[in-house]
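Working notes, beginning with the structure itself.
Each chain gets a letter, A, B and so on, in the order the sequences are listed, and its residues count up from 1.
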Number of protein chains: 2
Amino acid sequence: MSFMVSTKGRYALRVMIDLAQHIEELQPLKIIAERQNISLKYMETIMPCLKEAGFVDGTHGKGGGYRLTRPPQDYTVGEILRITEGSLAPVACLDNGYVCERADTCPTLPVWKKLDSIITDYLDTVKLTDMIPKNMVQFDDTCYSQL
Amino acid sequence: MSFMVSTKGRYALRVMIDLAQHIEELQPLKIIAERQNISLKYMETIMPCLKEAGFVDGTHGKGGGYRLTRPPQDYTVGEILRITEGSLAPVACLDNGYVCERADTCPTLPVWKKLDSIITDYLDTVKLTDMIPKNMVQFDDTCYSQL
DNA sequence: GTATTTACCTACCAAGTAAGTAGGTAGGTA
DNA sequence: TACCTACCTACTTACTTGGTAGGTAAATAC
């Protein structure tokens, strides 16, 4: 029982949503952490990841903070999670650089590949703006929707 | 980067496929382990899981071994992985018994729920017999197929 | 120029999990 | 009786998760 997406990816996603909801001004991490009820110190270790990827930029000093570098609708959940988690591969067999001598004959490999493509295809269709409350209606009815 | 399916689930699946390919007689774990190139000792720690679930039964003594308890087409990849991995939930938020006070308003929860249902729906459609080489053609063309 | 605010950096830690290994016991068959 | 096979308990090594602690560097306000 190990989860595909850890707190790192989940917190990162919540920070990105938070920034998308405050698009106009710079948001200090302290404020975001309080609003999201996440440890400031822990968030500080996650933010460099989003910054290196060019998803956000941060300015120092008084009045500083973080902000998105692109319009919110230009981010997908898939790319945010792929950066923060390192990989979204469901099994080691599909991980970047992994070589398996059974690959040519393994009967399970096609299943993992299909599973991987299903996961990727879905996560790459969900945009950051799809998770802003006013848009939540678009999710199917098995899911919570905030009206 | 933590994988949804560990070696435990992957090995279990390969053992189940192996048993499906030798449906008529009892297969000693030693033989299966050699054929699959998996540590016998490690497999011994995984088999009780499959036995408790009623997927296989094992008989002691000379000529003993393991065998499937049902016809191979009656097993799905989903149920085998769910038993061995404990859960296939992509995030802790969806794990059995987990309570999150943010659940009612969390904008990311619908995404995790949808992702979970996509994964489950796919894995529950793949049957054990779908992975026996002669049937592998049924996978789509982005995947390896053994003709 | 000083104080303050903020990002940013380095190191550490406790608990848990993954992926086995080692060495036996119990049950059944030839 | 000898052999084979499942089954059980304990241990190990390495790694990951989810943080905490304590600072430094940069920028701004006053």
Which whole-number value in Å describes the distance from [X] [atom1] to [N] [atom2]?
| X | N | atom1 | atom2 | result |
| --- | --- | --- | --- | --- |
| R14(B) | dA19(C) | CZ | P | 13 Å |
| Y66(A) | dA27(D) | OH | P | 14 Å |
| I32(B) | dC7(D) | CD1 | P | 12 Å |
| K8(B) | dA19(C) | NZ | P | 11 Å |
| L40(B) | dT21(C) | CG | C1' | 11 Å |
| I31(A) | dT6(C) | CD1 | P | 7 Å |
| M43(A) | dG19(D) | CE | P | 11 Å |
| D57(B) | dT5(D) | CG | C1' | 14 Å |

Can you see if the side chain of [X] gets near the phosphate of [N] - specifically, an N or O under 4.0 Å from OP1 or OP2?
| X | N | value |
| --- | --- | --- |
| T7(A) | dT17(D) | no |
| T45(A) | dG18(D) | no |
| K51(A) | dA7(C) | no |
| S39(B) | dT21(C) | yes |

Going only through I, L, V, M, F, W and Y residues with side-chain contacts under 4.5 Å, is there a path from L26(A) to L19(A)? no
Would a single hydrophobic cluster contain both Y98(A) and I38(B), if residues Ile, Leu, Val, Met, Phe, Trp and Tyr are joined by side-chain heavy-atom contacts under 4.5 Å? no
E79(A)/R70(A) salt bridge by N-O under 4.0 Å criterion: yes
Which part of the nucleic acid, if any, lies within contact of F3(A), taking any heavy atom under 4.0 Å across all strands shown: a base, the sugar-phosphate backbone alone, or nothing? nothing
Contact class for Q27(B) vs. all strands (heavy atom < 4.0 Å): base, sugar-phosphate, or nothing? sugar-phosphate
Output the single nucleotide from dG20(C), dG18(D), dA7(C) whose closest atom is nearest the side chain of Y11(B). dG20(C)
In B/S/- notation, 5' to 3', how is nucleotides 24-30 of chain C contacted by protein heavy atoms closer than 4.0 Å? B-BBBSS
In terms of side-chain heavy atoms, does Y11(A) have a donor or acceptor partner in S6(A) at a distance below 3.5 Å? no
If dT29(C) has a Watson-Crick or G-U wobble mate with both distances under 3.5 Å, name it; if not, just say none. dA2(D)
Over 12 non-hydrogen atoms of neighbours within 6.0 angstrom of CZ in R82(A): yes
Stepwise side chain to side chain contact (heavy atoms under 4.5 Å, CB included) test for Y122(B) and V77(B): CA-CA 9 Å; Y122(B) 170 62; V77(B) 172; over 6 Å; no
Donor-acceptor pairs are to be reported for all side-chain atoms of residues 87-95 of chain A against protein atoms at under 3.5 Å, with residues two or more places apart or in another chain.
unit_1, atom_1, unit_2, atom_2, d
S87(A), OG, A89(A), N, 3.0
S87(A), OG, D95(A), OD1, 3.3

